[in-house]
Peer 1: 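What follows is a structure written as structure tokens; I'll ask about it next.
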Amino acid sequence: GHFTITKHHEELIITRGLLEKKHITILLKRIQAIGIKESILRQPLGFASIYAVVAGGSMDQGEDFPILFPLIKKSEIESFLQTFLPQYADGFNVELNRPPKQAFKYYLLRSSLFWLLVFCVIAFMFPQFTWIPFLLFMISLLLGVLRYQDHGFQVEEKRLTIQYRLFSKVTMVMYHNRIQACQTSQHKLQTLQSLSTIRLSIIGTLGHGNHYKLKDLRECDVMELVDWYSYRT
């Protein structure tokens with residue numbers, strides 16, 4: 001209620017609350033990354049929320065990151081960021097490197113395997129109720145498709161954009177000097193199909209790390225990202 005955000009020199013000042021006013025001050029130099037979050041319900045309507053990953057400090061109970069704007073039209077995000085954080089403004093409208101077609105089956109398998117096993121157990125023990133896990137299995141397959149479609153990254157000079165989905169679609173923009181660690185991994189099936197997974201880490205609230213994993217990308221794309229990270233100036 002009564003959410004407002006203002007910029008004063010090198011600070012963002014957020015005020016909110018109906019019965020109890022709360023003020024949050026964010027130093028621009030402590031911002032590690034900016035995120036756009038689109039929930040499954042908001043995304044079809046064209047709405048999202050904007051948040052920041054901030055090094056140090058503490059958040060209110062139930063919050064992981066400070067919300068810079070709780071509900072905004074996607075068409076207005078760029079102008080909002082141009083006003084408050086112009087260095088991030090055009091990082092959300094880039095063409096991403098997506099996982100290849102051979103990675104599609106892994107996204108489906110990870111999202112649906114649990115419900116497939118549940119379906120088999122229910123079909124054996126309580127066949128009259130198999131429609132429930134079957135419905136959940138089909139929903140999990142759809143979620144796997146969305147995760148595949150919404151996964152990717154793009155590098156532009158010293159800026160990195162990544163996109164992923166657990167349930168909500170999340171797009172993150174961060175700069176080279178904010179990334180603390182970069183790690184790659186491959187299992188045997190990935191090696192056979194020239195796929196690889198990369199994990200990036202930045203500093204978050206209370207000094208804890210925030211980790212972002214992009215799975216089953218082309219091995220050449222992952223190596224390009226590793227080379228970009230390794231080249232520090």
Side-chain angles (χ1 to χ4, degrees), residues 1-94 96 150 152-154 156-181 200-214:
H2 296 304
F3 185 100
T4 61
I5 180 171
T6 56
K7 185 176 182 179
H8 181 68
H9 298 302
E10 296 301 313
E11 297 178 338
L12 295 178
I13 302 171
I14 297 172
T15 305
R16 66 183 186 187
L18 292 173
L19 301 178
E20 179 184 0
K21 286 288 184 181
K22 295 182 179 181
H23 299 269
I24 300 175
T25 300
I26 302 172
L27 295 176
L28 296 182
K29 65 181 181 181
R30 290 187 176 274
I31 294 178
Q32 307 297 299
I34 297 297
I36 304 296
K37 186 174 183 179
E38 303 169 60
S39 68
I40 291 179
L41 295 179
R42 289 179 176 182
Q43 186 178 357
L45 301 176
F47 286 96
S49 59
I50 306 175
Y51 67 93
V53 179
V54 181
S58 60
M59 295 294 103
D60 291 338
Q61 185 177 3
E63 283 191 356
D64 295 321
F65 309 106
I67 300 297
L68 301 184
F69 211 81
L71 187 64
I72 187 172
K73 290 183 178 180
K74 288 186 63 178
S75 58
E76 298 174 352
I77 290 176
E78 186 171 352
S79 61
F80 174 88
L81 292 174
Q82 284 288 0
T83 301
F84 294 99
L85 296 159
Q87 67 272 36
Y88 292 94
D90 59 348
F92 293 94
N93 294 314
V94 296
L96 300 177
D150 294 333
F153 78 94
Q154 183 58 269
E156 291 186 325
E157 296 183 356
K158 295 185 178 182
R159 188 177 62 201
L160 171 66
T161 301
I162 64 174
Q163 190 178 93
Y164 62 92
R165 178 190 291 273
L166 183 57
F167 296 101
S168 298
K169 177 182 174 182
V170 178
T171 308
M172 303 289 303
V173 176
M174 61 193 73
Y175 277 82
H176 188 280
N177 61 345
R178 301 299 190 184
I179 302 173
Q180 301 298 311
L200 302 166
S201 303
I202 62 176
I203 295 177
T205 306
L206 295 175
H208 298 304
N210 289 85
H211 310 290
Y212 305 96
K213 183 179 288 188
L214 300 175

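One-based numbering along the sequence shown.
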Peer 1: Can you tell me how far CD of Q82 sits from OH of Y88, rounded to the nearest 0.5 angstrom?
Peer 2: 14.0 Å
Peer 1: Which of these, V94, L96, L160, sits in a side-chain contact (heavy atoms from CB on, under 4.5 Å) with F153?
Peer 2: L160
Peer 1: Using every non-hydrogen atom in the two residues, find where Y51 and I67 come nearest and quote the distance to one decimal.
Peer 2: CB-CD1, 4.0 Å
Peer 1: Can you confirm whether I13 sits close enough to I5 that some side-chain heavy atom of one is under 4.5 Å from a side-chain heavy atom of the other?
Peer 2: no
Peer 1: Please check if the distance between the ring centroids of F84 and F69 is under 6.0 Å.
Peer 2: no
Peer 1: Just how far is it from atom CG of L200 to atom CG of N210, taken to the nearest 0.5 Å?
Peer 2: 12.0 Å
Peer 1: Do R165 and E38 meet the salt-bridge criterion of a basic N to acidic O distance under 4.0 Å?
Peer 2: no
Peer 1: Give me the atom names and distance for the closest heavy-atom approach of P70 to R42.
Peer 2: O-NH1, 3.1 Å
Peer 1: Evaluate I202 against Y212 for side-chain contact (heavy atoms from CB on, under 4.5 Å), listing each step before the verdict.
Peer 2: CA-CA 9 Å; I202 62 176; Y212 305 96; 3.8 Å; yes
Peer 1: Would you sort out whether I36 and K74 count as a side-chain contact (heavy atoms from CB on, under 4.5 Å), showing the intermediate values?
Peer 2: CA-CA 9 Å; I36 304 296; K74 288 186 63 178; 5.8 Å; no
Peer 1: So which heavy atom on R178 is nearest to which on K29, and how close?
Peer 2: NH2-O, 2.9 Å
Peer 1: Determine the minimum heavy-atom distance between M172 and A33, stating which atoms define it.
Peer 2: CE-CB, 3.7 Å
Peer 1: What is the distance from atom CD1 of I179 to atom CE of M174, rounded to the nearest 0.5 Å?
Peer 2: 6.0 Å
Peer 1: Let me confirm one number: the CD1-CD1 distance from I50 to I72, rounded to the nearest 0.5 Å.
Peer 2: 4.0 Å
Peer 1: I need the minimum non-hydrogen distance between F92 and L81, along with the two atoms involved.
Peer 2: CE1-CD1, 3.4 Å
Peer 1: Looking at Q154, Q87, R159, Q163, which one forms a side-chain contact (heavy atoms from CB on, under 4.5 Å) with V173?
Peer 2: R159
Peer 1: Could you walk me through whether L85 and I34 satisfy the side-chain contact (heavy atoms from CB on, under 4.5 Å) test, starting with their C-alpha distance in whole Å, then the side-chain angles of each, then the deciding distance to 0.1 Å, before giving a yes or no?
Peer 2: CA-CA 9 Å; L85 296 159; I34 297 297; 3.4 Å; yes
Peer 1: Please determine whether side-chain contact (heavy atoms from CB on, under 4.5 Å) holds for the pair H8 and T25, giving the CA-CA distance in whole Å, both sets of side-chain angles, and the decisive distance to 0.1 Å.
Peer 2: CA-CA 10 Å; H8 181 68; T25 300; over 6 Å; no
Peer 1: For the residue pair F47 and K73, what are the closest heavy atoms and their distance?
Peer 2: CE2-CG, 3.6 Å
